[in-house]
Amino acid sequence: MPELPEVETVKNSLKQLVLNEKIISVNVLYDKIIAYPKVEEFKNKLINQTITDIKRRGKWLMFELNDYYLLSHLRMEGKYLIRKKEDPLLKHEHVEFVFKDKSLRYKDTRKFGKMYLYEKENIFDKKPLNELGLEPWDSNLDIDYLKEKYKNKKLAIKTILLDQSIIVGIGNIYADEILFLSKINPFKKANELNSEELIQIIINTKKTLEKAIKLGGTTIKSYESSEGVHGNFQEQLLVHGNTSTCALCNNKVLKTKIGGRGTYYCETCQK
DNA sequence: CCAGCAGCCTGTGCGC
DNA sequence: TGCGCACAGGCTGCTG
């Protein structure tokens with residue numbers, strides 16, 4: 001569950017579940033999830049830390065602790081679950097945070113997720129957060145900002161929308177939706193977009209992500225809906241995953257590949 | 001510096 | 001039923 005609306009939804013539900021819980025012990029079963037520091041140090045530092053808040057920056061979850069921030073990226077399939085502390089770790093549960101009377105499990109089938117643990121000061125100046133672009137609702141996100149950022153980008157706008165150093169939080173599904181609503185062909189080079197098209201991107205990015213957050217995000221793989229967070233935005237998707245016809249012109253929605261990612265668009269409506 | 005692509009992992013669904 | 005392949009909501013690191 002990886003794009004911004006899903007992470008926002010996870011953040012809000014985790015807040016209800018683990019705020020003010022103190023970590024008693026930590027188990028790591030797959031070391032590569034822990035990007036920094038080394039696993040032993042990661043575990044030791046977390047002991048006796050209380051979760052005082054949970055925030056989000058782009059697709060990163062930020063667990064605020066007494067002395068640290070635990071940063072967690074879900075990548076393709078990461079999710080958090082609450083279980084009884086005495087329950088054995090199930091398949092694909094790679095990291096466990098044990099509290100007084102429950103445990104928080106990080107489950108990630110493909111093991112792509114990453115965690116960082118840093119001292120709280122200057123957290124935004126370090127490793128994963130320091131190169132992130134603007135949040136979709138940042139008042140600095142305007143035409144001039146995009147013009148400057150897109151100036152030398154000759155890649156397809158579809159690819160550029162996924163670039164987290166420009167606007168954070170857009171992933172493969174929402175990129176397709178944003179371009180459809182903006183009536184922009186996903187193959188169009190970013191540096192060739194005109195002002196009107198840039199306005200449309202800004203408006204529709206906000207609109208799409210806001211609506212998705214309201215609906216609890218998008219849940220695509222039905223087999224995963226039994227546990228974790230289940231959103232309803234998938235019912236609102238206009239092009240992504242659409243194997244039939246365009247809602248506007250009734251021509252067939254095309255599926256192609258851009259920058260290695262599956263891309264859906266309407267040739268007629270998106271110029 | 002850039003664009004393109006393999007790699008990281010596991011599971012599912014499809015065609016044969 | 002079994003096998004091989006393409007594909008999956010993300011991102012990094014290597015290549016030319």
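So you know, we letter chains A, B, ... as the sequences are listed, proteins then strands, and number each from 1.
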* Separation of atom CD in A:Gln234 from atom P in C:dA8, rounded to whole Å -> 17 Å

* Check: A:Tyr264 ring centroid to A:His240 ring centroid under 6.0 Å -> yes

* **Residue-level proximity of residues 150-171 of chain A to DNA chain C when a heavy atom falls under 4.0 Å** => A:Gln164, A:Gly171

* Between A:Lys43 and A:Asn27, is any side-chain donor less than 3.5 angstrom from a side-chain acceptor? -> no

* For atom P, what is the distance between C:dC5 and B:dG7, given to the nearest Å? -> 15 Å

* Does A:Lys59 put a side-chain nitrogen or oxygen below 4.0 Å from OP1 or OP2 of C:dG9? -> no

* Out of C:dC7, B:dT10, C:dG10, which has the shortest distance to the side chain of A:Pro2? -> C:dG10

* Asked: According to the interplanar angle, ranging from 0 to 90°, do the rings of A:Tyr118 and A:Tyr116 count as parallel (below 30°), tilted (30 to 60°) or perpendicular (above 60°)?
  -> parallel

* Asked: Looking at side-chain heavy atoms only, is the closest gap between A:Val98 and A:Val26 below 4.5 Å?
  -> no

* Rounded to whole angstroms, how far apart are CG on A:Leu29 and P on B:dT10? -> 14 Å

* To do: Check every atom of B:dC8, C:dC7, C:dG9 against the side chain of A:Lys32 and return the nucleotide holding the closest atom.
  => B:dC8

* **Closest to side chain of A:Arg110, choosing from B:dC9, C:dT12, B:dG11** => B:dC9

* Asked: Can you tell me how far C1' of C:dC11 sits from CG of A:Leu74, to the nearest Å?
  -> 13 Å

* **Euclidean distance, atom CG of residue A:Asn130 to atom P of C:dT12 [Å, nearest integer]** => 11 Å

* 5' priority, DNA chain C, between A:Trp60 and A:Thr263 [closest heavy atom] -> A:Thr263

* Asked: So which nucleotide does C:dC11 pair with, by the Watson-Crick or G-U wobble rule with both distances under 3.5 Å?
  -> B:dG7

* To do: State, with a plain yes or no, whether a side-chain heavy atom of A:Met62 is found less than 4.5 Å away from one of A:Asp53.
  => no

* Structure fact -> When A:Gly260 and A:Glu131 are each assigned the nearest nucleotide of DNA chain C, the 5'-most assignment goes to A:Gly260

* **C:dG9 OP1/OP2 closer than 4.0 Å to side-chain N/O of A:Arg261** => yes

* Rounded distance in Å - CG (A:Asp108) to C1' (B:dG11) -> 13 Å

* Give a yes/no on whether any side-chain N or O of A:Lys114 is located under 4.0 angstrom from OP1 or OP2 of C:dC11. => no

* Asked: Given the rule in the side chain to side chain contact (heavy atoms under 4.5 Å, CB included) test, do A:Val95 and A:Met115 qualify, once you have shown the distances and angles that lead to the verdict?
  -> CA-CA 10 Å; A:Val95 183; A:Met115 294 184 195; 4.0 Å; yes

* To do: Using a 4.0 Å heavy-atom cut-off across all strands, classify A:Phe233 as base, sugar-phosphate, or nothing.
  => nothing

* Lys/Arg N to Asp/Glu carboxylate O, A:Glu6 vs A:Lys79, below 4.0 Å -> no

* Looking at every strand, decide which applies to A:Lys189 at a 4.0 Å heavy-atom threshold: base, sugar-phosphate, or nothing. => nothing

* A:Tyr264 has an atom OH; how far is it from atom C1' of C:dA8, in whole Å? -> 10 Å

* Asked: In terms of the angle between their ring planes, are A:Trp60 and A:His73 parallel, tilted or perpendicular, with boundaries placed at 30° and 60°?
  -> perpendicular

* To do: Give one of base, sugar-phosphate or nothing for A:Gly217, where a contact means two heavy atoms less than 4.0 Å apart.
  => nothing

* To do: In whole angstrom, give me the gap between the P atoms of C:dG4 and B:dC9.
  => 22 Å

* Distance check: side-chain N/O of A:His73 vs OP1/OP2 of C:dC11, anything under 4.0 Å? -> yes

* Asked: Quantified in whole Å, what is the P atom distance between nucleotide C:dC11 and nucleotide B:dG11?
  -> 22 Å

* Establish, with yes or no, whether the OP1 or OP2 oxygen of B:dT10 is under 4.0 angstrom from a side-chain nitrogen or oxygen of A:Lys91. => no

* Asked: Between A:His92 and B:dC9, is there a side-chain N or O to OP1/OP2 distance below 4.0 Å?
  -> no

* Any ion pair linking A:Lys102 and A:Glu21 (charged N to carboxylate O, less than 4.0 Å)? -> yes

* Nearest-angstrom distance from the residue atom CD of A:Glu77 to P of B:dC8 -> 17 Å

* To do: Pick the P atom in B:dC5 and in C:dA6, then give their distance to the nearest Å.
  => 15 Å

* Report yes if the ring of A:Phe112 lies under 5.5 Å from the six-membered base ring of C:dC11 with planes under 30°, and no otherwise. => no

* Asked: Whole-Å distance between B:dG13 C1' and A:Lys255 NZ?
  -> 12 Å

